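The structure appears right after this line, and notes come after that.
These numbers come from a predicted model, not from an experiment.
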Amino acid sequence: MSVDIVVVGGGGSGLAAAIEAASRGASVVLLEKNEATGGSTGWSVGSITATRTPDQKRRGIDDNADDHFTDLGLLAGRLVDKDNLALRRLLTQNVTETVAWLRRHGVEFFGPMPEQPHRQPRMHNVLPTSRAYIYHLTRAARRAGVDIRLNTRARRILLDGPAATGIDADTPAGCRRFLARQAVILAGGDYSGSSHFKALYGNPALAAVPAINRTNTGDCQQMVLDIGGEVLNGDLILGPVLRFVTPRRRRLFQVVPPWRSLTFLMRMALHHLPAAAIRPLIMRFMTTVMAPEASLLRDGALLVGTTGAGIDIGGGPPGLAVAAQPDNTAYLVFDQAIAERYSRWPHPVSTAPGVAYAYFPDYRRTRPDLVHSAQSLAALAARTGMNGDVLEAAAGAHRLARASGGSDLPPPLARPPFHALGPIQSFIVLTDGGVKVSDDLRVVVHGERPVERLFAAGSTGQGGVLLEGHGHHLGWAFTSGRIAARNATALARRVPADA
């Protein structure tokens, strides 16, 4: 099969690249190995951090891309020397138009919300969920004539001398060759679901930790390595982190269709209704997708496995200890003193920066499946399927350890009723190892040679840029996808990329 542009990956960056290329007159085929488009974009919380948006202007916020560039560097902290400043500038200078482009395709946002150390509120949260991106962009791609091939896994980059000419891929009908007259764009996501890459670039202990998106197996990174490319910042892995299990039944905000008329009304309601009226809706979102705060453990909560045995965290992250459990499952056990402490500011159970805080009563009200309470540890064990004797022993050892540590907080697990939050599991959220790219997002091999007609975007083409904080990974996904397509089609037509 021969087309102008071959795009690998049907997440946010791949869809953005395909739509942009098709809008510039190119024929496009998009190869997605899963049964549907979505990628990690469809799993994300959904925020995009941007400046100079209509949302900022309505609130009288005077902001600019240069300040965003500087503040993004502050978020990088001690890692700042590993950053790719050219790509950071590419993001902050172009993400404003990305938000406008998404809106033109039907995506709606609420915000902007503050997040330190950003000097201005910049975080725009998608409505109702990140499914809206995939819903609207998949429809836009089909309207633009993009040929979306599902269940099609890219295996090899085809080269003719210094230029990429296509992709070999596995399809339901067998191996097939997709030839590109103009360019190939790699947008296959990260390698959070690859045991091999997590062990190679992180450490062997991470290999068995499951990913939020288990199908992100670094296929594009591997194809680039096969032709002499390299992965930058491969050791930057977000996780393992703890997450409450999702409810068995989908919540209302998860099933509301992301139609433009509905999301517009949602935005108006969020901006104009009293906080007391909208807080219950926000809490249902918070208690479904957010993680428990680490301060619960510092303040005396006990982390136990499904048998009731205490989980030894040691000096490592709790997520790694939970992932080492045979079923990757744990509970937070605490008494009424901690329940009351985490029922009001400044001690939330979960936090969404700039959006809201969820306290213990919020979980009891909106996620009763996660909250278990009883007047004794033995009764609590019975309610959660634990062994009562094992849980009692773990609690006793925990009290002794806290007492010998000299904590100034009340003795843990001393005041009934007793509570358990869970089940909780451990996941790798994402990996930041992207292939090395030039400033125009062409893939670089053998140290310094850009491959002609081969571009990368999103997590695949992260190229060393650091995307710390909220809202930058999605901003980079859509922005880099569009720019890669713009550069690919402009190069083919020998006209300026911004024409």
### Query
Taking all non-hydrogen atoms of both residues, which atom of Gly10 and which atom of Glu32 are closest, and how far apart?
N-OE1, 2.7 Å
#### Entry: Contacts of Arg399 that satisfy salt bridge (charged side-chain N to carboxylate O under 4.0 Å, His left out) - sequence neighbours left out
none
### Query
So do the side chains of Asp190 and Phe197 get within less than 4.5 Å of each other, counting heavy atoms only?
no
### Pairs involving residues 330-351, ordered by first then second residue, that meet salt bridge (Lys or Arg N to Asp or Glu O under 4.0 Å) (sequence neighbours left out)
Asp299-Arg341, Glu340-Arg415
### Message
So, taking the atom named CD1 in Ile19 and the one named NE2 in His136, what distance separates them when rounded to the nearest 0.5 Å?
### Response
11.5 Å
### Task
Using atom types as modelled and distance alone, determine if a side-chain donor or acceptor of Ser13 lies under 3.5 Å from a backbone N or O of Ala477.
no
### Query
Less than 4.5 Å apart, any side-chain heavy atom of Asn84 and any of Arg88?
no
### Message
Do Thr41 and Ile134 have side chains that approach each other closer than 4.5 Å (heavy atoms only, starting at C-beta)?
### Response
yes
### Message
What I want to find out is whether Arg103 reaches Asp55 closely enough, with some N-O distance under 4.0 Å, to be called a salt bridge.
### Response
yes
### Query
So how far is it from Ile237 CD1 to Leu430 CG, rounded to the nearest 0.5 Å?
9.5 Å
For residues 306-314, dump all side-chain donor-acceptor pairs below 3.5 Å to protein atoms at least two apart in sequence or in another chain.
{"residue": "Thr306", "atom": "OG1", "partner": "Asp327", "partner atom": "OD2", "Å": "3.0"}
{"residue": "Thr307", "atom": "OG1", "partner": "Ala309", "partner atom": "N", "Å": "3.3"}
{"residue": "Asp312", "atom": "OD1", "partner": "Gly314", "partner atom": "N", "Å": "3.1"}

### Task
Output, in order, the C-alpha distance, side-chain angles, deciding distance and verdict of side-chain contact (heavy atoms from CB on, under 4.5 Å) for Met386 and Tyr331.
CA-CA 10 Å; Met386 301 177 195; Tyr331 291 82; 3.5 Å; yes
### Query
Are the side chain of Ser480 and the backbone of Gly458 linked by a donor-acceptor contact shorter than 3.5 Å?
yes
### Message
Strictly distance-based, threshold 3.5 Å: is any side-chain N or O of Asn233 a donor or acceptor partner for the main-chain N or O of Gly464?
### Response
yes
### Message
For a 4.5 angstrom cut-off between non-hydrogen side-chain atoms, does Thr217 reach Lys33?
### Response
yes
### Query
Is the closest side-chain heavy-atom distance between Ile212 and Ser40 below 4.5 Å?
no
### Message
Could you work out, with side-chain contact (heavy atoms from CB on, under 4.5 Å) as the rule, every residue matching Ser130, not counting sequence neighbours?
### Response
Ser44, Tyr133
### ring-ring contact (aromatic ring centres under 6.0 Å, His included) partners for Phe334, two or more places apart
Phe360, His419
### Message
Just verifying a value: how many Å separate Gln120 CD and Ile61 CD1, rounded to the nearest 0.5 Å?
### Response
6.0 Å
### Task
Could you check whether the rings of Tyr201 and Tyr191 sit parallel, tilted or perpendicular, using 30° and 60° as the cut-offs?
tilted
### Shortest non-hydrogen contact between Ala16 and Arg482, atoms and distance
CB-CG, 3.9 Å
## Note on the structure
In terms of heavy-atom contacts, Cys220 and Thr460 come closest through CB-CG2, 3.5 Å
### Query
Any side-chain heavy-atom pair from Val429 and Arg243 closer than 4.5 angstrom?
yes
#### Entry: Nearest heavy atoms of Thr246 and Arg367, plus distance in Å
C-NH2, 3.7 Å
### For the student: nearest non-hydrogen atoms of Arg59 and Pro112, plus distance
NH1-O, 2.5 Å
### Task
Return yes if a side-chain donor-acceptor contact under 3.5 Å exists between Ser295 and Tyr342, otherwise no.
yes
### Query
Below 4.5 Å, heavy atoms only, C-beta onward: do Lys198 and Ser194 meet side chain to side chain?
no
### Task
Might you work through the side-chain contact (heavy atoms from CB on, under 4.5 Å) test for Val322 and Gln425, ending with a clear yes or no?
CA-CA 7 Å; Val322 172; Gln425 295 185 322; 5.6 Å; no
### Task
With sequence neighbours left out, write down each residue that passes ring-ring contact (aromatic ring centres under 6.0 Å, His included) with His398, or none if nothing qualifies.
none
### Between Thr431 and Ser192, a side-chain donor and acceptor under 3.5 Å
no
### Query
Arg139: what forms a side-chain contact (heavy atoms from CB on, under 4.5 Å) with it, not counting sequence neighbours?
Tyr135, Arg143
### Message
Tell me every residue that passes salt bridge (charged side-chain N to carboxylate O under 4.0 Å, His left out) with Arg78, counting only those two or more places apart in sequence or in another chain.
### Response
none
### Query
Does atom CH2 of Trp101 have more than 12 heavy-atom neighbours from other groups under 6.0 Å away?
yes
### Query
His124 and Thr49: side-chain donor and acceptor closer than 3.5 Å?
no
### Query
Got a sec, which residues hit side-chain contact (heavy atoms from CB on, under 4.5 Å) with Ala18, two or more places apart in sequence or on another chain?
Val7, Val28, Leu30, Val146
### Message
What I want to check is whether the side chains of Gln462 and Asp432 have a donor and an acceptor closer together than 3.5 Å.
### Response
yes
## Note on the structure
Rounded to the nearest 0.5 Å, the CG atom of Leu72 sits from the CG atom of Leu91 at a distance of 6.5 Å
#### Entry: N-O pairing of Arg104 and Glu97 below 4.0 Å
yes
### Query
Between Asp66 and Arg89, is there a side-chain N and carboxylate O pair less than 4.0 Å apart?
yes
### Message
Please determine whether side-chain hydrogen bond (donor to acceptor under 3.5 Å, both in side chains) holds for the pair Asp63 and Gln56, giving the CA-CA distance in whole Å, both sets of side-chain angles, and the decisive distance to 0.1 Å.
### Response
CA-CA 8 Å; Asp63 204 0; Gln56 282 191 320; 2.9 Å; yes
#### Entry: Donor-acceptor contact present, side-chain His372 to main-chain Gly422, <3.5 Å
yes
### Task
Could you pull out all residues at least two apart from Arg364 that satisfy salt bridge (charged side-chain N to carboxylate O under 4.0 Å, His left out)?
none
### Task
Find out whether Glu35 and Asn151 are in side-chain contact, i.e. whether some heavy atom of one side chain is under 4.5 Å from a heavy atom of the other.
yes
### Message
Rounded to the nearest 0.5 Å, what separates atom CD in Gln221 from atom CG in Leu186?
### Response
9.0 Å
### Where Gly189 and Ser459 come nearest, the two heavy atoms and their spacing
C-CB, 3.6 Å
### Message
Tell me which pairs pass ring pair (Phe, Tyr, Trp, His ring centres under 6.0 Å) where either residue lies in residues 54-82, with sequence neighbours left out.
### Response
His68-His118, His68-His472
### Task
For the pair Arg58 and Thr53, evaluate side-chain contact (heavy atoms from CB on, under 4.5 Å) and give the outcome as yes or no after the intermediate values.
CA-CA 9 Å; Arg58 274 194 298 268; Thr53 65; over 6 Å; no
### Message
The test is side-chain contact (heavy atoms from CB on, under 4.5 Å); show your working for Phe478 and Ile48 and say whether it passes.
### Response
CA-CA 10 Å; Phe478 299 123; Ile48 292 184; 3.8 Å; yes
### Nearest-0.5 Å distance that lies between atom CG in Leu332 and atom CD in Glu293
11.5 Å
#### Entry: Flag for Thr96-Asn94: side-chain donor and acceptor within less than 3.5 Å
no
### Query
For Asp71, which residues count as a salt bridge (charged side-chain N to carboxylate O under 4.0 Å, His left out) partner, sequence neighbours excluded?
Arg119, Arg122
